[in-house]
Amino acid sequence: KTPMPENLRNNIRNRFRGLLQKTRKENLVVIARSSSEMEDLPGMGFSGLYDSIPDIRTEAEVIPAVQRVWASLFSEKVLDYILNHIKNQKHGLVFPRVKQGVILQRMVSTSIAGVAHAEINPQTGKYSLYIETGKGENDSVVNAKVIPDLWDIEDQNGQFQILKERPASSEALSLDRKKILEISHFIREMSTYFYQIYHIQNLNTEFGFDQNGELYFFQVKPSSMPPHQPEENAERSDLKMISGIGASSGQVSARVVKV
């Protein structure tokens with residue numbers, strides 16, 4: 001609610017007008033996304049914790065969206081995450097001085113969106129992939145607006161094997177196997193590049209298919225998430241209702257099992 005300085009407001013409006021002129025689209029739709037110094041740190045990923053504001057269409061909507069993304073740096077879930085990861089001190093961060101940028105980028109309207117977590121084991125070279133997909137716009141899964149379909153995939157001797165697929169409901173899966181394998185091939189190429197150049201073993205991606213079935217990747221970033229763990233045996237008396245990890249970190253979903 002803190003007022004934004006007028007010169008800054010004008011600067012943001014001018015940049016938005018410039019984006020309109022550059023793309024030459026009067027019906028341009030953009031999304032406001034965060035770019036913080038407190039992201040992708042060893043042991044502290046912050047994935048999914050900052051706000052993204054989609055469907056911005058007018059100058060009047062730009063300023064409140066930018067303010068909301070900036071304010072998410074001080075949200076309860078971010079502060080709670082930091083308090084549970086006191087190791088942030090070793091990164092030399094002084095929280096009140098942390099900077100957070102806001103990116104305005106053209107928004108692709110998707111019919112199906114998803115997130116994925118990829119992992120390369122440096123000892124064995126084994127490549128595994130955990131994907132969540134759901135119907136809707138590109139923030140539908142990462143912001144837990146829908147319960148996603150789940151896919152567990154492994155690269156076995158250069159060939160992808162779908163170890164597990166679990167629909168969110170009794171309805172058909174949001175994507176067929178052909179599309180899932182298409183996504184998997186692209187992510188493997190990106191993961192291999194990040195591993196060979198930067199020695200990064202874990203990668204998070206956000207993607208979506210537009211109305212024409214065209215695949216877009218909206219974000220590719222290192223991940224500090226732990227490796228995927230198999231589910232607990234449902235017959236055990238100490239059954240955990242949620243186990244393993246989700247591709248959209250900071251969010252979890254699972255079926256409830258009565259025992």
Side-chain angles (χ1 to χ4, degrees), residues 1-5 8-13 15-16 19 28-41 43-85 88 91 93-117 132-148 203-208 216-225 245-253:
K1 295 181 180 181
T2 302
M4 185 183 293
L8 183 56
R9 297 167 70 93
N10 291 333
N11 192 13
I12 294 172
R13 291 193 192 101
R15 293 300 181 94
F16 183 72
L19 192 59
L28 177 70
V29 182
V30 302
I31 182 171
R33 308 191 64 161
S34 65
S35 180
S36 173
E37 291 180 329
M38 283 204 303
E39 287 183 292
D40 308 325
L41 302 173
M44 297 181 72
F46 289 90
S47 298
L49 294 182
Y50 303 120
D51 285 347
S52 293
I53 313 300
D55 297 317
I56 302 169
R57 301 171 185 270
T58 66
E59 284 188 31
E61 296 174 313
V62 171
I63 302 301
V66 172
Q67 285 183 299
R68 182 171 162 188
V69 175
W70 272 337
S72 68
L73 178 65
F74 303 96
S75 68
E76 184 178 345
K77 60 184 177 181
V78 170
L79 296 175
D80 183 65
Y81 184 82
I82 293 172
L83 290 174
N84 283 287
H85 294 76
N88 70 313
H91 303 299
L93 291 174
V94 180
F95 182 69
R97 299 180 184 176
V98 170
K99 297 177 182 178
Q100 170 132 301
V102 180
I103 300 169
L104 292 177
Q105 60 183 163
R106 184 171 68 88
M107 186 171 174
V108 176
S109 180
T110 61
S111 57
I112 297 172
V115 291
H117 173 67
E132 298 179 359
T133 64
K135 296 179 180 179
E137 292 291 352
N138 56 30
D139 67 335
S140 59
V141 175
V142 71
N143 286 335
K145 294 180 179 179
V146 299
I147 299 177
L203 205 67
N204 269 357
T205 59
E206 297 177 23
F207 59 86
Y216 291 84
F217 283 92
F218 306 116
Q219 182 165 263
V220 179
K221 59 188 291 186
S223 167
S224 61
M225 295 165 58
I245 61 170
S248 53
S249 62
Q251 311 288 352
V252 294
S253 63

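Counting from 1, the numbers follow the sequence of the chain as shown. What you are looking at is a predicted structure, and each value in this text was computed from that prediction instead of being measured.
For the atom pair CD1 of Ile147 and CD of Glu132, the computed distance is 11.5 Å after rounding to the nearest 0.5 Å. A distance of 11.5 Å separates CD1 in Ile12 from CD in Glu59, rounded to the nearest 0.5 Å. Note that CG of Leu8 is 10.0 Å distant from CZ of Arg13, once rounded to the nearest 0.5 Å. Separation of atoms CD (Glu76) and CG (Leu79) is listed at 8.0 Å; rounding is to 0.5 Å. The distance from the CZ atom of Arg57 to the CE atom of Met107 is 8.0 Å, given to the nearest 0.5 Å. The CG atom of Leu73 sits 5.5 Å away from the OH atom of Tyr50 when rounded to the nearest 0.5 Å.
Ser52 is linked by a side chain to side chain contact (heavy atoms under 4.5 Å, CB included) to Ile31, Arg33, counting only residues two or more places apart in sequence or in another chain. With sequence neighbours left out, the side chain to side chain contact (heavy atoms under 4.5 Å, CB included) criterion links Pro3 to no other residue. Looking at residues two or more places apart in sequence or on another chain, you find a side chain to side chain donor-acceptor pair (under 3.5 Å) between Thr133 and Trp151, Ser174. Evaluation of the side chain to side chain contact (heavy atoms under 4.5 Å, CB included) rule for Ser111 yields Gln211 as partners, not counting sequence neighbours. Checked against side chain to side chain donor-acceptor pair (under 3.5 Å), Ser109 has the following partners two or more places apart in sequence or in another chain: Glu137. For the salt bridge (charged side-chain N to carboxylate O under 4.0 Å, His left out) test, no residue two or more places apart in sequence or in another chain qualifies with Glu61. In terms of the side chain to side chain contact (heavy atoms under 4.5 Å, CB included) criterion, residue partners of Arg15 (sequence neighbours excluded) are, by chain and number, Asn11.
Paired with Asn204 under the rule side-chain hydrogen bond (donor to acceptor under 3.5 Å, both in side chains), one option of Gln219, His117, Lys221 passes, and it is His117. No option in Val62, Val102, Val69 other than Val69 meets the side-chain contact (heavy atoms from CB on, under 4.5 Å) test with Ile53.
The shortest non-hydrogen separation linking Val141 to Ala113 is CG2-O, 3.6 Å. Pairing each heavy atom of Phe218 with each of Phe207, the nearest pair is CE1-C, 3.5 Å. Closest of all the heavy-atom pairs between Thr58 and Phe16 is C-CE2, 3.9 Å. Contact record, Leu49 with Lys77: O-CE, 2.8 Å, taken as the closest heavy-atom pair. Here the closest heavy-atom approach between residue Val146 and residue Gly134 is recorded as CG2-CA, 4.3 Å. Across every non-hydrogen atom of Met4 and Trp70, the tightest pair is CE-CZ3, 3.6 Å.
When atom types are taken as modelled, the side chain of Thr110 and the backbone of Gly136 share a donor-acceptor pair closer than 3.5 angstrom.
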